[in-house]
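So that we are looking at the same thing, I have put the structure below in structure tokens.
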Amino acid sequence: MTKSVFFIGAFCLFLFITLTSLKSPTTGENGSRADTLAQPKTFGFGRPATLKEIALLDSDVRPDGKGLPAGSGKAADGKLVYAAKCAGCHGVTGVEGPNDALVTSKNLTDQKEKVRTKTIGNYWPYATTVFDYIKRAMPFNQPGSLTDQEVYDLTAFLLAENGLIKASDPINATTLPKVVMPARDFFVPDDRRNGPEIR
Amino acid sequence: MAEQKRDKPLITEKKISRRTLLGGAATAAVVLAQTASGKSFQAALTESELNLFEDPTKVPGVPPGTLGTRSAFEKPVKAPSDISSRTPLQDLFGTITPSDLHFERNHNGVPAIDPAKYELLIHGMVDKPMIFTLADLKRFPSVSRIAFLECSGNYRGAADGKLTPQQICGLTSQSEWTGVKLSTLFREVGVSPKSTWFLAEGGDAAVMTRSVPVEKGWEDAIICYAQNGEAIRPEQGYPVRLFLPGWEGNINIKWLRRIELSDQPFQTRQETSKYTEAIGGGKIRQFSFTMDARSIITYPSYPQKVEKGWIEIRGIAWSGRGKVVRVEISTDAGKTWNPASLQGPVMDKAHTAFRYLWNWNGQPTEILSRTVDETGYTQPFLKELLAARGGNMGYHFNPVTAWYIQGDGQVLFKAT
């Protein structure tokens, strides 16, 4: 009898300690793994975003083509935009620089050297990234100044110059995600395993 | 011209001229001065002016000011290039980087953002797409943590050995970061359990974007608004940045304006054709987030010259995988290794100071440091890294750094 009372008491004490420690929201050592699950589910701070507010900022393009706008581009038109707005930094044919080379040089015979150049033909695994990046960040001195039409035209031009599409192929929301990029096969996710091995 | 003359500094309160107070000589390091129009300011003075003061006990000191200043004798500076600026590791003590010496890496300059107009949009695979102002973010439960931040392209070598720690690996710094845990905001917007990646986007001229696994957002990501006790510096993302402890610098998106939840990575330019590395066999490694363990001896280092006798070898060690558990020092070019003492508390994913007392006999030698982290990973030599990556250099290079000490005490960098 006394024994069982003792055990029940001990169990209650154990339960009490366990529950108390679970209940108290603690910040881990150095702030890591703060138990935010112990916080209220919602604080009610902030305001709902309207569709218009989201559309204003949401310009990213995914590899499946989600985010691509309406319209269609041609390499011939892109050539004119390139000459006017890009050639100054990337070179007349996209090879010369002074900034990043965009087009794989046709004169390169050294295969090893070719692999190292981070051109669109050599090193870009997804064609959709070309549209996304030009639209968000180029030209460097006037970022975000190009129209969707100019971006489509430039994308078509750069893909054609790299030999990834024919000069006559239109580039739009349907065709762009389907462009086969040779670099895709080279990319592997992080192969380091968080252990002693040097990789 | 006349205006300039009228605004010549006068000493405050008694409004006597500087010349009168100092008996016609010069003045101290910093004085509280006042223009004729009554505007007070702290005036820093030149070293030659300082030298004229031989005995600071014989003149009143500088009254309290509104902002502290670095001594006029101390001039640590970052080393800028067109795209980044490096922390002077050799000039620092302890492990906190003064905020104005924190390294920078920008992708199209530092934007000027009005905190009153700042907003963070979180949308995509969430129950409630929401917008948070800076004031909103500061109302949520906050968290602080001391951790390093390092650029993944943080190794340089030179055949002539003339490299400082700043030049070798000055793209690492440490701060106390404060903000709201991203997991708190994830719960507020109701992130879908099916969401696996999120896009983080900056409000700079590069509209910088990276995809981040949602798991990291739940684990320890912080939406930061403060650094070392004050608002984040513009160069570090003012007013708000993403902070992902232990992960490569560029993914810690500065000037954060948007987070979009998704079920796949966005394959942005930065995570495809930029921050990826060739690892041999024709393979290119992608999404290599974690910074591997690293250490560097910051004293003695180039361009210093040391003298025979006792030298306290000092440096920092860190790992993006967790805590530093050991730092070993060799003073005989790698033949033997001895443990350095670590300055506690040793923190997770943080710069850790180490020290090793050494009596140099004046003979030419090499000194090296290597660290071991809690995952059992030992910082590799350069040749080991090259072998593991098919001879390729690139991002995530964390080799042991050696310092060659000549007979005359001159210290020079040496690759391992």
- Step through the shown structure and confirm whether more than 12 heavy atoms of other residues, nucleotides or ligands are within 6.0 Å of NZ on A/Lys79. no

- In terms of heavy-atom pairs under 4.5 Å, which option from B/Arg258, B/His123, B/Gln270 contacts chain A the most? B/Arg258

- Task: Find the distance between CD1 (A/Ile198) and CG (B/Leu386) and round it off to the nearest 0.5 Å.
- Result: 11.5 Å

- Task: Measure the spacing between CZ of A/Phe187 and CZ of B/Phe287 and express it to the nearest 0.5 Å.
- Result: 9.5 Å

- NZ/NE/NH1/NH2 to OD/OE distance under 4.0 Å, A/Arg192 and B/Asp292: yes

- Output the distance between atom CD1 (A/Ile134) and atom CZ (B/Arg269), rounded to the nearest 0.5 Å. 11.0 Å

- Message: Main chain of A/Arg199, side chain of B/Arg389: is a donor-acceptor contact present, judged purely on distance under 3.5 Å?
- Response: yes

- Query: Between B/Glu188 and A/Phe43, is any pair of side-chain heavy atoms under 4.5 Å apart?
  - Reply: yes

- Item | Pick from A/Leu51, A/Asp58, A/Thr50 with the largest number of heavy-atom pairs that fall under 4.5 Å of chain B | A/Asp58

- Judged by atom type as modelled, is there a donor-acceptor pair below 3.5 Å linking the side chain of B/Arg187 to the main-chain atoms of A/Gln39? yes

- Query: For B/Glu119, is it the side chain, the backbone, both, or neither that has a heavy atom closer than 4.5 Å to a heavy atom of chain A?
  - Reply: side chain

- Measuring heavy-atom distances to chain A, does B/Pro265 have an atom under 4.5 Å in its side chain, in its backbone, in both, or in neither? backbone

- Message: Between B/Asp263 and A/Arg62, does any side-chain N to carboxylate O distance fall below 4.0 Å?
- Response: yes

- Item | Check: A/Asp132 side chain, B/Thr268 main-chain N or O, donor-acceptor pair, under 3.5 Å | no

- For residues A/Phe45 and B/Leu137, determine if any side-chain heavy atom of one lies less than 4.5 Å from a side-chain heavy atom of the other. no

- Message: Checking the side chain of B/Arg321 only, and the main-chain atoms of A/Gly195 only, is there a donor and an acceptor separated by less than 3.5 Å?
- Response: yes

- Item | Any donor-acceptor pair under 3.5 Å from B/Lys128 side chain to A/Pro48 backbone | no

- Going by heavy atoms in the side chains, are A/Asp191 and B/Arg285 under 4.5 Å from each other? yes

- Heavy-atom check, side chain of B/Ile284 versus side chain of A/Val188, under 4.5 Å: no

- Task: Please determine, by modelled atom types, if B/Thr272 and A/Tyr123 share a side-chain donor-acceptor pair under 3.5 angstrom.
- Result: no

- Message: Under 3.5 Å, is there a donor on one side chain and an acceptor on the other for A/Thr128 and B/Gln267?
- Response: no

- Query: Measuring heavy-atom distances to chain B, does A/Asp100 have an atom under 4.5 Å in its side chain, in its backbone, in both, or in neither?
  - Reply: side chain

- Query: Is chain A contacted by the side chain of B/Ile131, its backbone, both, or neither, given a heavy-atom distance below 4.5 Å?
  - Reply: both

- Part of B/Leu199 within contact of chain A (heavy atom distance under 4.5 Å): side chain

- Message: Rounded to the nearest 0.5 Å, what separates atom CZ in A/Phe186 from atom CD in B/Gln286?
- Response: 13.5 Å

- Message: As an exercise: rank B/Gly322, B/Pro141, B/Ala293 by heavy-atom pairs under 4.5 Å with chain A and give me the winner.
- Response: B/Pro141

- Query: Of the listed residues (A/Ala183, A/Gly144, A/Pro63), which shares the most heavy-atom pairs with chain B below a 4.5 Å separation?
  - Reply: A/Pro63

- Note on the structure: Under 4.5 Å to a heavy atom of chain A? For B/His107 that would be backbone

- Task: Name the option with the most non-hydrogen atom pairs under 4.5 Å to chain A; the candidates are B/Pro129, B/Ala388, B/Gly376.
- Result: B/Pro129

- Message: Is any side-chain heavy atom of B/Thr209 closer than 4.5 Å to one of A/Asp60?
- Response: no

- Below 4.0 angstrom, N of the basic side chain to O of the carboxylate: do A/Arg136 and B/Glu201 qualify? yes

- Query: Relative to chain A, which of B/Glu277, B/Gln264, B/Gln379, B/Glu384 shows the most heavy atom pairs under 4.5 Å?
  - Reply: B/Gln264

- Message: Using heavy-atom distances under 4.5 Å, tell me whether B/Glu176 contacts chain A through its side chain, its backbone, both, or neither.
- Response: neither

- Out of A/Ala137, A/Pro196, A/Pro143, which one racks up the most heavy-atom pairs below 4.5 Å with chain B? A/Pro196

- Query: Where does A/Val61 contact chain B at under 4.5 Å (heavy atoms): side chain, backbone, both or neither?
  - Reply: backbone

- Task: Tell me, for B/Phe289 versus chain A, whether the close heavy atoms (under 4.5 Å) come from the side chain, the backbone, both or neither.
- Result: backbone

- Query: How far does OG of B/Ser262 sit from CG of A/Asp64, to the nearest 0.5 angstrom?
  - Reply: 8.0 Å

- Message: Does atom NZ (A/Lys74) have a neighbourhood of more than 12 heavy atoms from anything else shown, all under 6.0 Å?
- Response: no

